[in-house]
J.: 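Let me give you the structure first, and then I'll get to my questions.
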There are 2 protein chains.
Amino acid sequence: MSKHDDIENIKCNVIHRDVVDSVSDKMMEPEKMEELAEFFKVFGDSTRLKILYALSISEMCVCDIAAVLGTSQSAVSHQLKILRQMRLVKYRREGRVIYYSHDDEHITEIFRKGLEHINEIK
Amino acid sequence: MSKHDDIENIKCNVIHRDVVDSVSDKMMEPEKMEELAEFFKVFGDSTRLKILYALSISEMCVCDIAAVLGTSQSAVSHQLKILRQMRLVKYRREGRVIYYSHDDEHITEIFRKGLEHINEIK
DNA sequence: TGAACATATGAACATTTGTTCAAACGATTA
DNA sequence: TAATCGTTTGAACAAATGTTCATATGTTCA
């Protein structure tokens with residue numbers, strides 16, 4: 001164990017140096033990956049997904065969204081904030097009612113791709 | 001408060017009955033939504049995203065993936081299990097080395113849509 | 001057969017996440 | 001102006017998640 005002290009607990013070594021180098025070279029910047037993960041994380045919750053789906057059918061106010069989902073108005077509002085921050089929904093105020101709607105054309109396509117996948121794997 | 005006891009603590013009422021009914025009618029089944037959320041959840045972690053991206057460049061063994069990501073072999077293995085369960089990657093064994101690769105064409109498209117979005121909103 | 005290696009897995013732990021509850025904020029209306 | 005309504009927000013809390021560590025599994029090679 002003498003001269004191997006510094007690597008004594010490495011469990012795993014590179015097997016194909018060429019592949020590792022080539023792939024490392026083509027990898028996206030880690031920050032971009034983080035950003036992308038944050039984006040997809042938004043789709044990873046059924047409450048938010050339901051909101052997005054509902055809004056793809058019609059513009060709606062917060063109370064109505066809550067009614068459709070069967071979720072508390074507060075929970076919906078919290079999730080709308082996240083969707084807003086990710087620029088997936090926009091809103092307009094009319095008196096004390098706030099109407100939300102989609103703010104991005106990619107939503108529908110991402111939705112469809114996801115559905116295609118889960119329909120295929122079962 | 002007499003006859004309203006059952007709804008006394010409802011903070012929010014339906015505002016547009018017609019919209020709520022129409023959207024409720026067109027909503028997807030909740031189970032489908034859950035399933036879809038589970039699927040997108042997989043994309044919502046940067047380690048898994050990096051693995052998927054790396055595999056879009058080349059088939060790779062676990063050790064090499066770990067090397068490219070700078071993550072422990074164990075962490076990679078745990079995440080590969082999730083990707084496997086979601087049928088996003090497949091693998092083949094060659095001796096004691098296991099090679100992973102993509103198992104779905106939607107991955108690349110979903111990736112691209114996500115990137116398009118985050119590139120637009122900044 | 002036993003040592004070495006690539007990978008998988010379970011338990012433990014810290015972190016993140018989503019909901020609820022209570023309260024605050026704006027806008028309307030009586 | 002006060003009460004009401006639709007919405008937002010912060011704190012608290014339980015549940016879910018990702019990593020690490022230790023160990024197990026399965027394969028090769030000496």
Side-chain angles (χ1 to χ4, degrees), chain A residues 1 4 7-16 19-20 33-34 37-38 40-51 59-86 89-100, chain B residues 1 4 7-16 19-20 33-34 37-51 59-67 69-86 89-100:
Chain A
M1 204 178 288
H4 295 295
I7 56 167
E8 65 178 298
N9 56 356
I10 288 186
K11 309 285 199 308
C12 181
N13 298 295
V14 170
I15 297 180
H16 310 85
V19 173
V20 170
M33 285 293 187
E34 293 289 349
E38 288 307 308
F40 284 124
K41 202 170 286 177
V42 174
F43 288 83
D45 173 75
S46 65
T47 301
R48 287 190 293 267
L49 224 44
K50 287 172 190 166
I51 294 176
E59 172 189 72
M60 275 198 281
C61 70
V62 182
C63 274
D64 289 354
I65 297 174
V68 169
L69 305 206
T71 314
S72 77
Q73 178 271 324
S74 177
V76 169
S77 194
H78 276 295
Q79 300 306 336
L80 280 171
K81 183 177 192 172
I82 295 176
L83 294 172
R84 235 158 47 216
Q85 289 170 335
M86 202 48 90
V89 302
K90 59 178 188 276
Y91 62 96
R92 67 185 176 83
R93 174 161 228 139
E94 199 168 291
R96 47 194 169 197
V97 180
I98 298 184
Y99 295 92
Y100 280 85
Chain B
M1 203 177 291
H4 295 295
I7 56 163
E8 66 177 297
N9 53 359
I10 289 186
K11 309 286 201 300
C12 183
N13 297 295
V14 170
I15 299 178
H16 311 86
V19 173
V20 170
M33 285 294 187
E34 293 288 350
E38 289 306 311
F39 172 68
F40 285 124
K41 202 171 285 178
V42 175
F43 288 83
D45 172 76
S46 65
T47 300
R48 288 191 292 267
L49 224 44
K50 287 173 192 167
I51 293 176
E59 172 189 72
M60 275 197 281
C61 70
V62 183
C63 273
D64 289 354
I65 296 173
L69 305 205
T71 314
S72 77
Q73 176 272 323
S74 176
V76 169
S77 194
H78 276 296
Q79 300 306 337
L80 280 170
K81 181 177 193 172
I82 295 176
L83 294 172
R84 234 158 47 215
Q85 289 170 334
M86 203 47 90
V89 301
K90 59 177 188 281
Y91 63 95
R92 65 183 178 86
R93 172 161 229 142
E94 201 167 289
R96 48 195 169 197
V97 179
I98 298 183
Y99 295 91
Y100 281 86

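Numbered from 1 within each chain, the chains take letters A, B, ... in sequence-line order. Keep in mind it's a predicted model, so treat the numbers as computed, not measured.
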J.: For dT20(D), does either OP1 or OP2 sit under 4.0 Å from a side-chain N or O belonging to S72(B)?
T.: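 Affirmative; the distance criterion is met.
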J.: Can you name the residues that form a side chain to side chain contact (heavy atoms under 4.5 Å, CB included) with V19(B), not counting sequence neighbours?
T.: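 If we apply the side chain to side chain contact (heavy atoms under 4.5 Å, CB included) test to V19(B), skipping adjacent residues, the hits are S58(A), M60(A), H16(B), V23(B).
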J.: Please list, pair by pair, any protein nitrogen or oxygen found under 3.5 Å from a nitrogen or oxygen in nucleotides 23-25 of chain C.
T.:
none

J.: Does the side chain of R48(B) get closer than 4.0 angstrom to OP1 or OP2 of dT17(D) through an N or O atom?
T.: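 For R48(B), the contact criterion (side-chain N or O under 4.0 Å from OP1 or OP2 of dT17(D)) is not met.
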J.: Decide whether a cation-pi geometry holds between R84(A) and Y91(A); the criteria are a distance under 6.0 Å from NZ or CZ to the six-membered ring centre and an angle within 45° of the ring axis.
T.: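 Yes, a cation-pi geometry holds between R84(A) and Y91(A).
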J.: Going by heavy atoms closer than 4.0 Å, what residues in residues 92-99 of chain B are next to DNA chain C?
T.: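 Heavy-atom cutoff 4.0 Å gives R96(B), V97(B), I98(B).
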J.: Would you tell me if any nitrogen or oxygen in the side chain of T47(A) comes within less than 4.0 Å of OP1 or OP2 on dT19(C)?
T.: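 Yes, within the criterion.
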J.: On a plain distance test, is the side chain of S74(A) in donor-acceptor contact with the base of dT8(D) below 3.5 Å?
T.: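 Flag unset: no donor-acceptor pair detected.
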J.: Please determine whether a side-chain nitrogen or oxygen atom of S77(A) lies at a distance below 4.0 Å from atom OP1 or OP2 of dT7(D).
T.: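 For S77(A), the contact criterion (side-chain N or O under 4.0 Å from OP1 or OP2 of dT7(D)) is not met.
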J.: Residues two or more places apart in sequence or in another chain: which of them pass ring pair (Phe, Tyr, Trp, His ring centres under 6.0 Å) with F43(A)?
T.: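 Per chain and number, F43(A) pairs via ring pair (Phe, Tyr, Trp, His ring centres under 6.0 Å) with F39(A), F40(B).
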J.: Over how many whole Å does the gap from Q85(B) atom CD to dA8(C) atom C1' extend?
T.: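 Value for this atom pair: 12 Å.
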J.: Starting at atom CD1 of I65(A), determine the distance to atom P of dT7(D), rounded to an integer number of angstrom.
T.: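 Answer to the nearest Å: 8 Å.
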J.: Which residues in residues 37-46 of chain B have at least one heavy atom lying under 4.0 Å from any atom of DNA chain C?
T.: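 Heavy-atom cutoff 4.0 Å gives no residues at all.
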J.: Verify the contact: side-chain N or O of Y91(A) to OP1 or OP2 of dG6(D), cut-off strictly under 4.0 Å; return yes or no.
T.: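 No, Y91(A) has no side-chain N/O under 4.0 Å of OP1/OP2 on dG6(D).
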J.: What is the separation between atom CG on L69(B) and atom P on dT20(D), rounded to the nearest whole Å?
T.: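 Spelled out: CG on L69(B) to P on dT20(D) is 12 Å.
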J.: With both distances under 3.5 Å as the test, what is the Watson-Crick or G-U wobble partner of dA30(D)?
T.: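 dT1(C) - that is the nucleotide pairing with dA30(D), both distances being under 3.5 Å.
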J.: Check side chain to side chain contact (heavy atoms under 4.5 Å, CB included) between T71(B) and all other residues, then give those that pass, not counting sequence neighbours.
T.: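 Side chain to side chain contact (heavy atoms under 4.5 Å, CB included) list for T71(B), sorted by chain: L69(B), A75(B), V76(B).
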